[in-house]
Amino acid sequence: MKAEKVPKYMDEVAEKIEDPQATILQLQDEVQEEMAAALGRTGYKLLDALKQLEEAQAELNEHLAESKGKENESQLAEFVNKYNSCREAAVSARWELLIHRQAVGFRFQNQKYVETKYPIPPRFKL
């Protein structure tokens, strides 16, 4: 069997690593920190989408209250479309959070927890 040549830079790397086990543990910690940070960003994305949905719902409700049955169809359609669009963005962000949580290990009743913690109202129909 022919021995493989080890590149010179590997010797330099090996000299810098005092304790390989500690290096591996440090890398594992860094990976876990990044996974947690990424999960947090996914959560904030959902919270932002829910905030936008809440604002769109408030605008729609305000428009309905002001018009009191005398809605202009095109204006009402604009508010409804904005609300439904924000709702779809929130549904998508919640799905991403659900998948992300599952990928990092939250499996037991994950979907039930996420849907209970972050409820999304139904679509608005004209």
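Between R123 and E88, the closest side-chain pair of non-hydrogen atoms falls below 4.5 Å. A heavy-atom distance below 4.5 Å is found between the side chains of L39 and F106. At a threshold of 4.5 Å between non-hydrogen side-chain atoms, the residues Y118 and L47 count as touching.
Few gaps surround CD on Q102; more than 12 heavy atoms of other groups in view lie less than 6.0 Å from it.
Note that NZ of K51 and CG of L46 are 14.0 Å apart. Values are rounded to the nearest 0.5 Å. In this structure, CD in E62 is found 10.5 Å from OG in S67, a value given to the nearest 0.5 Å. Rounding to the nearest 0.5 Å gives a distance of 12.5 Å between CG of N110 and NZ of K112. Taking CG from L25 and CD from Q21, the interatomic distance works out to 5.0 Å, rounded to the nearest 0.5 Å.
Linking ILVMFWY side-chain heavy atoms closer than 4.5 Å, directly or via other members, places V31 and V104 in a single hydrophobic cluster.
A pairwise comparison of heavy atoms in P121 and Q57 identifies CG-OE1, 4.3 Å as the closest pair. The minimum heavy-atom distance between L50 and I120, with the atom names listed, is CD2-CG1, 3.9 Å. Taking each heavy atom of A56 and Y83 in turn, the nearest pair found is CB-CA, 3.8 Å. Shown here for M35 and H100, the closest heavy-atom pair between the two residues is O-NE2, 4.2 Å. Pairing each heavy atom of Q111 with each of L98, the nearest pair is CA-CD1, 3.3 Å. Nearest heavy-atom pair across A90 and L53 is CB-CD2, 4.3 Å.
R41 and E34 are joined by a salt bridge, as a carboxylate oxygen and a charged side-chain nitrogen come within less than 4.0 angstrom of each other.
Ring orientation note: the planes of F79 and H63 are close to parallel, at an angle under 30° on the 30°/60° scale.
Side-chain contact annotation: Q52 with D48, donor-acceptor N/O pair under 3.5 Å present.
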